[in-house]
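Numbering of ligands and ligand atoms starts at 1, following listing order.
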Amino acid sequence: MEIKKEDIKFLYSEEELQQKVKEVAAKINARYLDEEVYVICVLKGSVMFTADLVKYLTMPVKMEFIRLSSYGSSTTSSGKVNAVDISLPDLNEKNVLIVEDIIDTGLTAKFLRDFIDNNFRTKKTEFCTLMDKKCFRKTEIEPDYVGFEIDNKFVIGYGLDFDGNYRNLPYIGYVEV
Ligand code: IMP
Ligand code: MG
């Protein structure tokens, strides 16, 4: 399915996004102070959010990147999480902060929580998401840090795609679903 740029409705500007990223970072800074944190960017969607977020973090940070996919068709979750690349260093006794673009059904987050729990005894594992789409939640996952709570919209831009397109938009828009 294809959409035209004119069909994308405006949601959050670059300035609003930066302001929100700073607010979220301030909460994380207050929580961890000078403790080291392993920031895990869940590719591809959270590439922009993670890149901006870490610039405002003040504790020692190590960045890791994993790649998962879950979306089957353009706008509906397949219900299955596919681990494209999930190689991680030893996270035993570490503070782990998983950074997501959006939590929708929560299946991706649940998959990650289980993966981390099954492989490591971390000091702490937390979730940070730019957007939380609670209406479709199918798991008990509650993110620790949330940028925006959104309702039933399919959002695109700032890392989020529609059929692989529009990740590069500097703002967030949406299409009616
Ligand atoms: P979940 O496993 O259903 O929570 O979905 C997580 C993934 O689905 C996110 O990391 C996104 O990549 C994708 N996703 C969910 N909702 C949207 C949306 O509104 N726009 C773009 N991608 C989305
Ligand atoms: Mg994604």
Side-chain angles (χ1 to χ4, degrees), residues 1-14 16-17 20-21 24 28 38-54 63-88 96-119 125-177:
M1 198 171 139
E2 290 229 356
I3 49 159
K4 295 197 208 78
K5 212 166 175 185
E6 307 87 80
D7 300 331
I8 302 174
K9 301 201 169 92
F10 180 80
L11 193 57
Y12 303 121
S13 70
E14 267 188 275
E16 284 173 284
L17 289 168
K20 188 58 83 174
V21 172
V24 173
I28 299 168
Y38 277 68
V39 172
I40 307 202
C41 170
V42 185
L43 295 172
K44 300 175 186 173
S46 78
V47 61
M48 305 266 190
F49 177 44
T50 308
D52 283 342
L53 182 73
V54 291
M63 293 178 76
E64 296 294 333
F65 301 84
I66 60 176
R67 191 162 154 213
L68 303 180
S69 63
S70 82
Y71 256 50
S73 70
S74 311
T75 62
T76 47
S77 193
S78 66
K80 276 188 221 118
V81 180
N82 179 25
V84 182
D85 174 8
I86 198 164
S87 44
L88 285 167
V96 175
L97 180 70
I98 297 167
V99 181
E100 284 248 46
D101 48 355
I102 186 163
I103 299 186
D104 180 12
T105 61
L107 289 167
T108 305
K110 173 85 168 62
F111 175 91
L112 274 173
R113 158 140 315 146
D114 291 346
F115 181 84
I116 300 273
D117 287 351
N118 290 336
N119 288 280
T125 306
E126 290 194 311
F127 280 87
C128 173
T129 187
L130 178 63
M131 288 173 284
D132 191 1
K133 213 196 271 186
K134 277 202 161 74
C135 52
F136 294 126
R137 196 64 45 83
K138 290 184 186 154
T139 65
E140 80 290 2
I141 289 283
E142 275 297 325
D144 303 278
Y145 311 93
V146 175
F148 303 97
E149 292 203 1
I150 63 167
D151 52 19
N152 181 13
K153 286 184 169 65
F154 191 81
V155 284
I156 40 190
Y158 195 63
L160 294 104
D161 71 306
F162 185 97
D163 266 358
N165 297 314
Y166 301 112
R167 290 192 198 275
N168 61 315
L169 296 180
Y171 58 91
I172 288 182
Y174 69 97
V175 286
E176 301 285 359
V177 284

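- At least one heavy atom of D161 sits closer than 4.0 Å to an atom of ligand 1.
- When I102, L43, D132 are checked for heavy-atom proximity to atom 11 (C) of ligand 1, I102 turns out nearest.
- For Y145 and E126, the side-chain atoms include at least one donor-acceptor pair closer than 3.5 Å.
- Of the heavy atoms in D104, both backbone and side-chain atoms come closer than 4.0 Å to ligand 1.
- The shortest N/O to N/O separation between V155 and ligand 1 falls below 3.5 Å.
- Here T108 has heavy atoms under 4.0 Å from ligand 1 in both its backbone and its side chain.
- Of the heavy atoms in V42, none comes closer than 4.0 Å to ligand 1.
- Residue contacts with ligand 1 include D101, since one or more of its heavy atoms lies under 4.0 Å from the ligand.
- For ligand 1, the atoms sitting less than 4.0 Å from at least one non-hydrogen atom of L160 are 20 (N), 21 (C), 22 (N), numbered in the order shown with element in parentheses.
- Applying the salt bridge (charged side-chain N to carboxylate O under 4.0 Å, His left out) test to R137 and every residue at least two apart in sequence or in another chain returns D132.
- For atom 19 (O) of ligand 1, the candidate residues are M131, K80, E100, K133; the nearest heavy-atom contact is made by K133.
- Panel note: side chain K110, backbone I141; no donor-acceptor pair is recorded below 3.5 Å.
- Backbone and side-chain nitrogen or oxygen atoms of G106 are examined, and one is located within less than 3.5 angstrom of a nitrogen or oxygen of ligand 1.
- Under a 3.5 Å cut-off, the side chain of D7 and the backbone N or O of K4 do form a donor-acceptor pair.
- The closest donor-acceptor contact from the side chain of Y166 to the backbone of I3 lies under 3.5 Å.
- Only the backbone of K153 comes within 4.0 Å of ligand 1, judged by heavy-atom distances.
- Scored by the side-chain contact (heavy atoms from CB on, under 4.5 Å) test, D117 finds R113 as partners (sequence neighbours excluded).
- When all heavy atoms are compared, the tightest approach of L53 to C128 is CD2-SG, 4.2 Å.
- A 4.5 Å side-chain heavy-atom check between V175 and F154 finds at least one atom pair inside the cut-off.
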